[in-house]
A.B. asks: 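Below is a structure I'd like to ask you about.
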Number of protein chains: 2
Amino acid sequence: MTAHVVLNSPHLVRRANAAALLRAVWDARPFTANDAMAATGLTRSTALALCDHLADLGWLSELADARAAGEYSKGRPARRYAFRPTAGLLLGLDAGQNRITAVVADLRAQVLAHGVARLPRDNLDPQIRRDGVGRAVHLALTEAGAHEDDVLAAVVGVPAPTDRHGASPPGEDGYWARMNPDLRSVLSRPGRTVLVENDANLAAVAEGAVGAGAGSTAFAALLAGERLGAGLMVDGHLLRGRAGGAGELRMLELVEGVGSSLGLGPVARELLRQAADAGRLAADSPLLGEDGVQELFRAAAAHDPVAVEVVEALTDRLARVCAAIATLLDLELVVVAGAIATALGPLTAAVTARLERYAHPPLPVVVASRLGADAVGVGAVHRALELVRADPLGFDVAGRGHAPAH
Amino acid sequence: MTAHVVLNSPHLVRRANAAALLRAVWDARPFTANDAMAATGLTRSTALALCDHLADLGWLSELADARAAGEYSKGRPARRYAFRPTAGLLLGLDAGQNRITAVVADLRAQVLAHGVARLPRDNLDPQIRRDGVGRAVHLALTEAGAHEDDVLAAVVGVPAPTDRHGASPPGEDGYWARMNPDLRSVLSRPGRTVLVENDANLAAVAEGAVGAGAGSTAFAALLAGERLGAGLMVDGHLLRGRAGGAGELRMLELVEGVGSSLGLGPVARELLRQAADAGRLAADSPLLGEDGVQELFRAAAAHDPVAVEVVEALTDRLARVCAAIATLLDLELVVVAGAIATALGPLTAAVTARLERYAHPPLPVVVASRLGADAVGVGAVHRALELVRADPLGFDVAGRGHAPAH
DNA sequence: CCACTAAATATAGGCAGAAGATTTACCGTC
DNA sequence: GACGGTAAATCTTCTGCCTATATTTAGTGG
């Protein structure tokens with residue numbers, strides 16, 4: 001006979017109702033008691049009492065102006081309230097291998113400021129990463145004119161699997177553990193919720209919230225950097241697995257015509273090197289340079305035979321990858337994200353077309369992310385928002401620039 | 001401003017608490033108010049009032065006997081209640097291609113009776129399947145001495161993907177649609193909840209509830225019949241996907257060394273046929289007969305070279321399949337289920353051992369199901385149980401052999 | 001200045017649950 | 001067979017949340 005949650009106090013009822021009202025009003029324009037009544041089904045007196053209560057707590061502001069918005073004008077003017085998106089702040093971080101980005105956003109996930117900390121090229125010292133996180137956060141908060149105490153929830157994306165508690169397994173040669181040197185504790189503050197999450201998972205959250213996956217219930221965000229990784233959203237849930245390893249794509253080693261989880265950049269470089277070795281590419285070709293991938297698509301568009309061949313190989317590879325993942329999970333969409341995504345725009349249509357060779361209808365669609373390099377940070381902010389929205393009254397908001405109505 | 005659920009009436013609070021209490025005592029021995037208080041945190045008066053209420057509704061019986069169980073004997077004897085597992089019945093069906101099985105169970109998922117309807121060998125007429133369902137249900141209910149009205153929830157497993165509403169896409173050549181000819185409507189009755197679900201998914205539910213997956217939060221049930229299909233349980237959720245196709249294994253066509261989603265039986269038959277064609281197997285070998293697969297393992301155990309070779313090929317194939325699925329989703333376990341499962345017991349250890357060739361630590365474990373041919377039906381019953389437990393007070397139970405206390 | 005209107009406020013009542021006093025139904029024991 | 005002791009049931013009182021239904025209020029337009 002295990003314990004079960006019950007409402008053993010009227011106070012709990014009120015709290016649940018207040019949270020429901022707050023969620024209903026979160027994204028709304030200024031609203032009146034009538035709106036609150038419609039959204040919750042509560043009586044006017046109760047709705048008003050809850051609004052006043054939420055205003056006392058700092059979640060809502062009562063707008064002095066009664067019928068300012070000229071919304072009609074018979075009868076006694078309605079009291080108007082508005083959700084205060086700056087009642088608290090959200091912090092989203094992308095703790096990449098060489099760079100840490102912090103994003104400060106309000107309670108509607110509107111980005112207010114950024115902060116970036118570059119890390120030394122070959123660093124694996126945990127303290128350097130931890131310091132970098134602190135630096136990026138400080139920069140972002142300063143730019144936003146905000147204070148550490150204003151942050152209700154912080155979420156960090158790391159290039160490693162993470163379990164429910166934000167811990168990463170060591171991984172081979174301890175790479176994962178080095179990427180996630182207990183970043184949770186760096187960000188922890190009293191009254192603040194902190195979560196460490198896999199970066200591809202956060203990219204998926206971002207795509208689902210404001211990207212190509214909005215409205216979709218089954219899709220993947222394919223983070224295409226040096227190695228491929230995926231965030232899997234199925235039935236509206238982010239998949240985690242035993243130890244957070246869901247979406248790790250080592251299974252691609254078993255997929256015919258793919259053979260590894262290498263990202264598109266490394267594969268392109270390798271193919272171009274092979275062409276050079278075979279004498280089909282001049283040793284000083286721009287395709288072999290730093291910006292090889294950008295050059296590659298330009299050259300393919302200009303019908304350079306080697307470039308066309310390589311791009312076709314990449315298309316085929318990506319189609320196989322997407323087919324394998326999407327078929328097993330019945331996804332309707334694969335969003336290719338990461339730094340390389342913008343360059344891949346032209347590729348995705350070709351990939352989608354090629355899917356019919358490797359998958360069966362209904363075929364998924366492959367698109368490039370429009371969120372750019374910020375995908376992980378934005379996803380982190382949205383994840384933080386979910387945490388706050390899930391139980392807003394669990395967060396203390398009173399401090400922030402608000403004088404409670406006594 | 002979308003509508004949100006609120007507790008706008010004391011009645012709702014009471015209902016929620018009653019449901020919580022009921023869930024807490026669902027699997028308990030006879031219990032007293034003290035037990036109920038401990039499980040819910042409510043006061044004695046409230047707990048007793050709720051128990052009486054639930055007894056009135058027919059969910060609990062009050063045991064006349066006060067301190068019969070000799071559980072101590074100072075003070076005023078406690079009133080004792082017990083959950084009534086027969087307050088309503090659950091119906092689980094396995095609507096296979098050639099055979100329909102119905103299982104009747106009580107509210108603790110204890111199986112009370114079976115009913116089987118065999119279908120003509122080559123039938124695809126929807127009406128024949130629908131009639132078969134009715135026949136199997138009638139047989140099972142009769143054996144249980146029960147009536148249609150006693151069934152609170154029914155769940156059917158079909159060999160086809162199903163969406164949230166129990167509908168199946170037509171599939172190529174309409175096979176799926178024929179396997180699921182609106183079975184929902186056949187079982188529908190006023191006051192009864194009906195659900196149509198993919199059979200592999202139900203096998204996964206069964207394994208998670210009473211099979212090898214009990215306690216595991218990320219595992220797959222691999223239904224190994226003529227074709228492979230999987231039910232995927234990740235983070236405690238059954239994966240569905242866009243149209244219920246999650247766990248369809250056509251992606252195996254892309255996996256090296258696998259190449260198709262054919263089950264082990266067909267592959268074994270094909271390998272044996274090839275051996276026979278090559279003259280390595282006598283044309284009258286028992287391995288080529290009806291019970292080939294059973295024979296195969298026996299022969300391999302006796303070091304028959306052809307049999308050993310085929311079993312090794314099957315081991316390798318299964319290891320690749322499990323590695324691909326388990327790696328993508330970070331599963332800790334793959335349970336091989338289906339009619340063939342019992343024969344596969346000896347194979348699974350070899351498969352688990354071979355996984356290290358195709359996957360990386362932490363490696364999943366592969367085991368054979370111990371649930372036998374009933375896995376789908378049992379899973380269906382457990383799924384039905386979930387439906388009832390989720391909101392027990394939404395079901396009317398009063399009728400069944402119980403005189404409410406006026 | 002007066003109806004009219006729509007919203008805010010005030011008042012009363014129902015109901016769930018807590019808290020604590022009291023009663024009850026047993027057990028020993030003398 | 002009356003007498004404490006005990007643990008649970010029951011009774012009484014109280015608080016808080018919500019509904020329902022007046023009543024008041026702050027405006028508009030004639």
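In what follows, chains are A, B, ... by sequence order, proteins preceding strands, each numbered from 1. Atom set for the values below is all heavy atoms of this structure, side chains included, hydrogens, waters and symmetry mates excluded.
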A.B. asks: Counting any heavy atom closer than 4.0 Å, what does A:A49 reach on the DNA or RNA strands: base, sugar-phosphate only, or nothing?
C.D. replies: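 Since no nucleic acid heavy atom lies under 4.0 Å of A:A49, the category is nothing.
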A.B. asks: For A:R192, is there an ion pair with A:D396 - N to carboxylate O distance below 4.0 angstrom?
C.D. replies: no
A.B. asks: Residues in side-chain contact (heavy atoms from CB on, under 4.5 Å) with B:D149, at least two apart?
C.D. replies: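 Expected list: B:H147.
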A.B. asks: Tell me the interatomic distance from B:L12, atom CG, to D:dC17, atom P, rounded to whole angstroms.
C.D. replies: 17 Å
A.B. asks: Within this structure, what is the OH-to-P distance between B:Y81 and D:dA9, rounded to whole angstrom?
C.D. replies: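 For the pair B:Y81 OH and D:dA9 P, the rounded distance is 7 Å.
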A.B. asks: List for me each residue that meets side-chain contact (heavy atoms from CB on, under 4.5 Å) alongside B:V103, sequence neighbours excluded, and say none if there are none.
C.D. replies: B:V111, B:H114, B:V381
A.B. asks: Please report the distance, rounded to the nearest Å, between CZ in A:R15 and P in D:dG16.
C.D. replies: 18 Å
A.B. asks: Provide, to the nearest angstrom, the distance between the NZ atom belonging to B:K74 and the P atom belonging to D:dT6.
C.D. replies: 7 Å
A.B. asks: Should A:E62 and A:R80 count as an ion pair when the cut-off is N to O under 4.0 Å?
C.D. replies: no
A.B. asks: Can you measure A:R80 atom CZ to D:dA26 atom P for me and round it to whole angstrom units?
C.D. replies: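 About 18 Å, once rounded to whole Å.
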A.B. asks: Tell me which residues in residues 18-27 of chain A lie within less than 4.0 Å of DNA chain C, going by non-hydrogen atoms.
C.D. replies: none
A.B. asks: Which parts of nucleotides 14-20 of chain C does protein reach within less than 4.0 Å, heavy atoms only, written one letter per nucleotide 5' to 3' as B for base, S for sugar-phosphate only and - for none?
C.D. replies: --SSBB-
A.B. asks: Could you pull out all residues at least two apart from A:F83 that satisfy ring-ring contact (aromatic ring centres under 6.0 Å, His included)?
C.D. replies: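 Per chain and number, A:F83 pairs via ring-ring contact (aromatic ring centres under 6.0 Å, His included) with A:W26.
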A.B. asks: Does any donor atom in the side chain of B:E197 or B:N201 lie under 3.5 Å from an acceptor atom in the other side chain?
C.D. replies: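 Side-chain D/A pair, B:E197 to B:N201: present.
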A.B. asks: Does a donor on one side chain sit under 3.5 Å from an acceptor on the other, for A:Y81 and A:D35?
C.D. replies: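 Per modelled atom types, A:Y81 and A:D35 side chains form no pair under 3.5 Å.
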A.B. asks: Could you tell me the separation between the CE atom of A:M37 and the C1' atom of C:dA8, rounded to a whole number of Å?
C.D. replies: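 Result: 11 Å.
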A.B. asks: Can you tell me if the side-chain N/O atoms of A:R79 get under 4.0 Å from OP1 or OP2 in C:dT9?
C.D. replies: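 For C:dT9, OP1/OP2 do have a side-chain N/O of A:R79 under 4.0 Å.
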A.B. asks: Pairs in or reaching into residues 14-24 of chain B: which pass side-chain hydrogen bond (donor to acceptor under 3.5 Å, both in side chains), with residues at least two apart or in two chains?
C.D. replies: B:R15-B:D391
A.B. asks: From CG of A:D35 over to C1' of C:dA6, roughly how many Å is that when rounded to an integer?
C.D. replies: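 For the pair A:D35 CG and C:dA6 C1', the rounded distance is 14 Å.
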A.B. asks: In whole Å, I'd like the distance from the CZ atom of B:R76 to the C1' atom of D:dC11.
C.D. replies: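 It works out to 11 Å between those atoms.
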A.B. asks: Below 4.0 angstrom, N of the basic side chain to O of the carboxylate: do B:R389 and B:E386 qualify?
C.D. replies: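 No, no charged N to carboxylate O under 4.0 Å.
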A.B. asks: Look at the side-chain N and O atoms of A:N34 and state whether any lies under 4.0 Å from the OP1 or OP2 oxygen of C:dA6.
C.D. replies: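 Answer is no, no contact under 4.0 Å.
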